[in-house]
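Right, one structure below, let's go through it.
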Amino acid sequence: MSEIRDITLAPSGERKIAWAKRYMPLLRGIEEEFIREKPFKGVKMTASLHLEAKSAVLCRVLMEGGAELRITGCNPLSTQDDVTAALVSGGAEVYSVHGCTMEDYDRHMAMALEFGPNIIIDDGGDLVSMLHRDMPQLLPGVLGGCEETTTGIIRLHAMAREGALKFPMLTVNDARCKHFFDNRYGTGQSVWDGINRATNLVVAGKNVVVAGYGWCGRGIAMRAKGLGARVTVTEVDPVKALEAMMDGYAVKTMDEAAPEGDIFVTATGCRDVIVERHFLKMRDGAILCNGGHFNVEVDVDWLERNALDKSQGRTDVTRGYTLNNGKTLFVLAEGRLVNLASGDGHPVEIMDMSFAIQALAAKYLAQHRDSLPCQVLEIPDEIDYDVARRKLASCGMTIDTLTDAQRAYLESWAL
Ligand code: NAD
Ligand code: SAH
């Protein structure tokens, strides 16, 4: 049933999955519980994820919980064909091929949905939007879903505002054990890993421009500073701009930063952050990449249409665009998420926490199947605290507990 590149790649994928699982104690613990409890017995599930080793571990945990699971990618460049081969060898149904066309990407998603899932695990909102747009007949069977990332949640809120959302969606990204760590430290490390793999250049001494000082931007700027770069931040939110200034960064507009930057990284979730007028001011050899959701933060379409020459570039996905001013700009990973398209995405231990939230949120949906409203819902605090406690325990760390007197003191107003 599956559609993947090549099943003979399975042994390499299996090694990657085994490596990841070794460093995912939270998911291993949840897997043991799921094997006993089978919370997804009789539940059909569709997951759209970056199909690399950590996601494969999550998928297997959900299947151990009894789910009948269909899996598809969430970005044409982040699927790893050896990992999908391992998943299929292990009995999973997978529809995803690295580097496929957008038509095939949509076709794979439709194949993963057409059996009528009860629970959706989405990363970016593509499953939810295809279900509502193209497969409304399947909506009554969906008891709910979980959304992994910031932009997906923004899309869900837009649907809910218009009354279009037809099943409850839990916002995994908004759990503190997700965005505090995944968006900040995960993106902070993995974006630089992706840039380093794609360019093989030194970061120290370079002028790095980070667009957006949200959770991801903070991490990207922090790690750039640690690598020895001079960092400039661009923002549209005055409070975040001040925070960046107090954190020690230069804060400028993109127009001001464009002529100065050696490496530009966008992480805004917005569109048209770096466009023609910026390109034309940039230094020869400037490197542009994106850590935000879609490939619209850097206007790669304009470069594709207007470059005089596109022959330079280190790899297929590190393309040089020579402009009519004689300067060449390099775009990494087609302007898609550089950490996942040029690397393996976030580090393993980070995804262990994010996916622990995913797994427990899916269990929560299965348990509360008839009582949740068709709205965008926060992850209950108890899941957040549960994951934090599991993580502390896995690190061998203990923390203090409030005494009764301390609790009374904190809860009292008449001191
Ligand atoms: P966030 O809302 O915390 O931060 C976004 C920031 O960008 C905000 O401070 C906002 O004011 C700023 N911004 C918006 N438009 C801007 C513009 N035109 N110019 C400059 N700044 C602008 O969101 P986040 O959690 O940091 O996520 C950012 C993006 O990264 C989202 O699209 C999210 O889905 C994606 N994401 C990617 C990864 C990854 O693995 N690469 C991980 C998590 C999130
Ligand atoms: N469909 C979108 C996906 C957004 S990616 C796209 O166009 O690519 C942002 C999400 O990827 C983050 O919230 C993060 O949790 C997730 N992520 C980062 N590294 C990952 C990894 N190694 N494996 C799986 N998911 C990862």
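One-based numbering along the sequence shown. Note that ligands are numbered from 1 as they come in the structure, with each ligand's atoms numbered from 1 the same way.
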Option set H346, H50, H293, R336, criterion heavy-atom distance to atom 2 (C) of ligand 2, minimum: H293
Aromatic ring proximity, centroids under 6.0 angstrom, Y213 and Y249: yes
E243, E235, M351: member with heavy atom nearest to atom 11 (O) of ligand 1: E235
Closest protein heavy atom to atom 24 (P) of ligand 1, given as residue, atom name and distance to 0.1 Å: T150 OG1, 3.7 Å
Which segment of H346 sits under 4.0 Å of ligand 1 when only heavy atoms are counted: side chain
Shortest reach to atom 28 (C) of ligand 1 by a heavy atom, considering only A267, G219, G292: A267
Closest approach of any protein heavy atom to atom 31 (C) of ligand 1, naming residue and atom: T151 OG1, 3.3 Å
Aromatic contact, F34 with F40 (centres under 6.0 Å): yes
Matching residue for D262 among R283, K206, R230 - test: salt bridge (charged side-chain N to carboxylate O under 4.0 Å, His left out): R283
D182 and ligand 2 - part of the residue with a heavy-atom distance under 4.0 Å: side chain
Shortest protein heavy-atom distance from atom 39 (C) of ligand 1, along with the residue and atom involved: N339 ND2, 3.4 Å
Test of proximity, N183 against ligand 2: N or O pairs below 3.5 Å: no
Which residue and heavy atom of the protein sit nearest atom 41 (N) of ligand 1, plus the separation: G291 O, 2.8 Å
L337, portion touching ligand 1 at heavy-atom distance under 4.0 Å: side chain
Carboxylate-amine/guanidinium contact R197 D193, below 4.0 Å: yes
Region of K240 engaging ligand 1 - heavy atom pairs below 4.0 Å: side chain
Protein residue, atom and distance nearest to atom 43 (C) of ligand 1, heavy-atom basis: C216 SG, 3.5 Å
